[in-house]
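For ligands, and for the atoms within them, numbers begin at 1 and follow the listed sequence. Computation of the quantities below employed the complete heavy-atom set of this structure, encompassing side-chain atoms and omitting hydrogens, waters and symmetry-equivalent molecules.
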Amino acid sequence: MKLGDFEVARIGLGTNRLTQSRTNVGFIRAAVEAGVQMVDTAHSYTGGQSEETIGVALSPQPDGCMVATKGGIGGPGRGRPAVLQEEIEESLRRLRTKTIDLYYLHRVDTETPIEESLRAIKEYRDRGQIRHVGISEVDIEQIERARKVVPIVAVQNHYNLAERKYEAVVDHCAAEGIVFVPFFPLRADGGPAVARIAKRHGATPQQITLAWLLKRSPAMLPIPGTLSLEHLKQNLDAAAIELTDEEFETLR
Ligand SMILES: NC(=O)c1ccc[n+]([C@@H]2O[C@H](COP(=O)([O-])OP(=O)(O)OC[C@H]3O[C@@H](n4cnc5c(N)ncnc54)[C@H](OP(=O)(O)O)[C@@H]3O)[C@@H](O)[C@H]2O)c1
């Protein structure tokens with residue numbers, strides 16, 4: 001699918017438990033070799049180790065793979081331009097790159113208007129140090145306010161089989177050509193129906209959960225988090241599972 005001017009597979013990799021070790025550097029390289037084309041991290045993950053590990057593993061960045069990071073989380077005031085500038089500079093250093101492929105405002109600050117936070121991010125985009133901009137945990141009104149400041153290519157919100165408060169945001173993103181990245185895609189107990197459908201497809205319940213998300217909307221790009229290469233390959237393979245309309249509705 002298209003994400004800004006990148007063409008990426010519909011399932012990416014979440015890295016919020018990634019700590020720095022030689023094994024994990026190897027894991028990220030193996031993940032890209034296995035077909036991951038979007039690696040999702042954040043300034044706040046594992047005290048910076050997630051970004052640092054990705055920086056070591058993916059510099060120079062292999063063709064066809066993009067890295068997304070985020071900044072501005074941690075409580076009131078974290079979306080102030082000065083804080084974001086500091087975090088962006090640090091992310092650029094840790095990721096060992098001149099340009100961050102996709103940079104999200106991680107949370108809308110309760111003390112800073114969304115426009116002000118995004119203007120700070122836009123300055124880096126204008127200078128070519130950020131290629132594309134996204135926002136996280138937002139409603140439609142916030143998305144539209146954000147888009148008046150800078151083009152938004154991705155929205156990353158909590159969404160899975162059990163957490164469905166952003167249904168309207170999913171549809172809005174699809175209609176507007178924005179990629180919807182559901183975080184915590186696997187944190188849902190699908191129950192016996194998922195287990196039954198999984199058995200029918202010779203798949204795991206996690207694969208069925210991902211297949212359901214992909215069928216839910218053409219805008220969907222889940223980023224399941226894993227530290228296991230075996231799980232990662234299963235997650236990528238889930239893109240080939242086609243649920244019937246009946247199975248989809250049963251899980252809906
Ligand atoms: N924007 C935000 O505010 C925000 C907030 C939270 C998270 N995120 C992002 O979303 C990503 C995903 O969230 P998450 O990792 O916390 O939750 P998740 O993807 O819903 O679930 C991860 C859990 O599922 C397991 N798992 C992964 N693939 C599996 C498979 N094929 N079979 C069985 N178990 C599997 C993982 O363990 P194993 O390691 O054993 O595979 C881990 O325990 C994060 O990594 C992060 O990048 C963003």
Identify, for atom 27 (C) of ligand 1, the protein heavy atom at the shortest distance, and state residue, atom and that distance. Gly225 O, 3.2 Å
For Gly14, the atoms of ligand 1 under 4.0 Å from one of its heavy atoms are 11 (C), 44 (C), 45 (O), 47 (O)
For Tyr166, enumerate each residue passing the ring-ring contact (aromatic ring centres under 6.0 Å, His included) test, keeping only those at least two apart in sequence or located in another chain. none
Side-chain ion pair, Glu116 and Arg80, N-O less than 4.0 Å: no
In terms of side-chain heavy atoms, does Glu137 have a donor or acceptor partner in His106 at a distance below 3.5 Å? no
The closest protein heavy-atom partner of atom 16 (O) of ligand 1 is Arg187 NH2, 3.0 Å
Carefully, step by step, assess Asn24 and Gln49 under the rule side-chain hydrogen bond (donor to acceptor under 3.5 Å, both in side chains). CA-CA 10 Å; Asn24 282 346; Gln49 292 185 54; over 6 Å; no
Counting only heavy atoms closer than 4.0 Å, does ligand 1 sit against the backbone of Gln206, its side chain, both, or neither? side chain
Can you sort out which atoms of ligand 1 are near Thr15, meaning under 4.0 Å from one of its heavy atoms? 45 (O), 47 (O)
Is the backbone of Gly48 close enough, under 3.5 Å, to the side chain of Thr46 for a donor and an acceptor to pair up by distance? no
Mark up the atoms of ligand 1 that fall under 4.0 Å of a heavy atom belonging to His106, in ascending order. 1 (N), 2 (C), 3 (O)
Does any N or O of ligand 1 fall below 3.5 Å from an N or O anywhere on Leu186, backbone included? yes
Min over Gln156, Glu230, Arg107, Arg17 of heavy-atom distance to atom 48 (C) of ligand 1 lands on Gln156
Result for side chain to side chain donor-acceptor pair (under 3.5 Å) between Tyr124 and one of Gln129, Glu89, Arg131 points to Glu89
Would you tell me which option among Lys233, His231, Gln207 has the nearest heavy-atom contact to atom 34 (N) of ligand 1? His231
Taking C-beta and beyond as the side chain, do Met38 and Phe6 meet within less than 4.5 Å on heavy atoms? no
Got the closest protein heavy atom to atom 46 (C) of ligand 1, with its distance? Tyr45 OH, 3.2 Å
Among Asn16, Val39, Thr226, Ile223, which residue places a heavy atom closest to atom 38 (P) of ligand 1? Thr226
Quick one, Gln207 with His201, criterion side-chain hydrogen bond (donor to acceptor under 3.5 Å, both in side chains). Give me CA distance, side-chain angles, the key distance, then yes/no. CA-CA 10 Å; Gln207 288 180 310; His201 284 266; over 6 Å; no
Student check: side-chain heavy atoms of Arg252 and Trp212 closer than 4.5 Å: yes
At under 4.0 Å between heavy atoms, which part of Lys70 makes contact with ligand 1: side chain, backbone, both or neither? side chain
Within less than 4.0 angstrom of ligand 1, does Thr204 place any heavy atom? no
Judging by distance only, is a nitrogen or oxygen of Glu137 under 3.5 angstrom from one on ligand 1? no
Counting heavy atoms under 4.0 Å, the part of Ile73 that contacts ligand 1 is neither
May I ask you to decide whether Asp237 forms a salt bridge with Lys233, counting only side-chain N to carboxylate O separations under 4.0 Å? no
Is the shortest distance from a Lys or Arg side-chain nitrogen in Glu51 or Arg93 to a carboxylate oxygen in the other one below 4.0 Å? no
Under 3.5 Å donor-acceptor pairs involving side-chain atoms of residues 218-227, not counting sequence neighbours:
residue : atom : partner : partner atom : Å
Thr226  : OG1  : Ser228  : N            : 3.0
Thr226  : OG1  : Ser228  : O            : 3.4

Can you confirm, on distance only, whether ligand 1 has an N/O atom lying under 3.5 Å from any N/O atom belonging to Pro224? no
What residue and atom, counting heavy atoms only, is the protein's closest point to atom 28 (N) of ligand 1, and at what distance? Asn235 ND2, 3.1 Å
Give me the nearest non-hydrogen protein atom to atom 47 (O) of ligand 1 as residue plus atom name, then the distance to 0.1 Å. Asp40 OD2, 2.8 Å
Ignoring angles and geometry beyond distance, decide whether Pro185 reaches within less than 3.5 Å of ligand 1 through its nitrogen or oxygen atoms. yes
May I ask you to check whether Tyr159 and Phe180 place their ring centers less than 6.0 Å from one another? yes
Shortest protein contact, atom 14 (P) of ligand 1 (heavy atom only): Phe184 CD2, 3.8 Å
Counting both backbone and side chain atoms, is some N or O of Ser228 under 3.5 Å from an N or O of ligand 1? no
